Amino acid sequence: MTFMCGDDGVIRFGTTAIAETRGWAITESAGRIAHRAQGQPVRYKAQAVEYEGTITAALDPTDLVAQNALVVGATVGLQLYPGGIVSGLPQWAIDAVLTQQVTTSEVENVVLAVWQWAGAGALSKGLVA
């Protein structure tokens with residue numbers, strides 16, 4: 001069985017890797033609607049699937065290509081590689097709207113930026129060629 005480590009993960013914005021990433025997350029969810037006729041058991045129907053997630057990175061003001069281009073309100077093409085860009089491992093791609101950026105500065109820690117995003121289309125799942 002193959003295991004992947006989080007420190008091998010990569011996230012790209014366009015074709016450029018985002019510098020100093022510490023992690024990322026993606027959530028896939030679908031709501032449900034109860035469908036029921038009198039005297040019948042409840043049956044559920046799925047609503048549309050939605051995607052959202054976060055990107056966490058050590059803030060790097062010199063990353064002019066990726067980090068500085070992640071502007072709230074922008075739509076960006078994200079490519080997510082949980083095990084790195086290695087042939088045969090999973091990769092996901094989605095167009096995403098950046099909905100929020102939170103920057104934190106704490107004593108004895110690097111300054112972190114967290115971007116939240118919502119899917120602006122379908123999630124494409126495949127394997128790295």
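These numbers were taken from a predicted model, which means no experiment stands behind them.
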Counting only heavy atoms not in Q101, do more than 12 fall under 6.0 Å of its CD?
-> yes
Are any side-chain N or O atoms of T99 and backbone N or O atoms of Q116, one a donor and one an acceptor, separated by less than 3.5 Å?
-> yes
Nearest 0.5 Å please: distance from the CD1 atom of I33 over to the NZ atom of K45.
-> 8.0 Å
Pairwise distance CG(L98) to CD1(I55) - rounded to 0.5 angstrom = 6.5 Å
Closest non-hydrogen contact found for V86 with V128 is O-CB, 3.2 Å
Return the minimal non-hydrogen interatomic distance between A120 and T75, and the atom names on each side.
-> CB-CG2, 4.5 Å
Kindly determine whether D63 and E20 satisfy side chain to side chain contact (heavy atoms under 4.5 Å, CB included), including the steps that lead there.
-> CA-CA 9 Å; D63 184 11; E20 303 296 333; over 6 Å; no
Has the side chain of N68 got a donor or acceptor atom that lies under 3.5 Å from a matching backbone atom of T62?
-> no
Could you state the interatomic distance from OG1 (T21) to CZ (R12), rounded to the nearest 0.5 Å?
-> 12.0 Å
Would V110 and R22 count as a side chain to side chain contact (heavy atoms under 4.5 Å, CB included) if you check the C-alpha gap in whole Å, the side-chain angles of each, and the deciding distance to 0.1 Å?
-> CA-CA 11 Å; V110 297; R22 296 295 176 101; 3.5 Å; yes
Quick one: closest heavy-atom pair of K125 and W92, and the distance?
-> CG-CD1, 3.1 Å
Apply the side chain to side chain contact (heavy atoms under 4.5 Å, CB included) test between L78 and each candidate in W115, W24, W117; give the one that qualifies.
-> W117
If you take all heavy atoms of P90 and P82, which pair is closest and at what distance?
-> O-CD, 3.4 Å
Spatial distance of atom CD1 (I11) from atom OG1 (T16) [nearest 0.5 Å] = 12.5 Å
Smallest heavy-atom separation, A17 atom then V10 atom, equals CB-CG1, 4.3 Å
Gap separating the CG atom of L112 from the OG1 atom of T103, nearest 0.5 angstrom | 9.0 Å
When rounded to the nearest 0.5 Å, the distance separating CD of Q91 from OH of Y81 is 5.0 Å
With a 4.5 Å limit on heavy-atom distance, are the side chains of L123 and I26 in contact?
-> yes
Quick one: closest heavy-atom pair of G121 and I94, and the distance?
-> O-CD1, 3.8 Å
Does A58 offer a backbone N or O that forms a donor-acceptor pair with the side chain of Q67 under 3.5 Å?
-> yes
Indicate whether any N or O donor in one side chain lies under 3.5 Å from an N or O acceptor in the other, for E106 and T104.
-> no
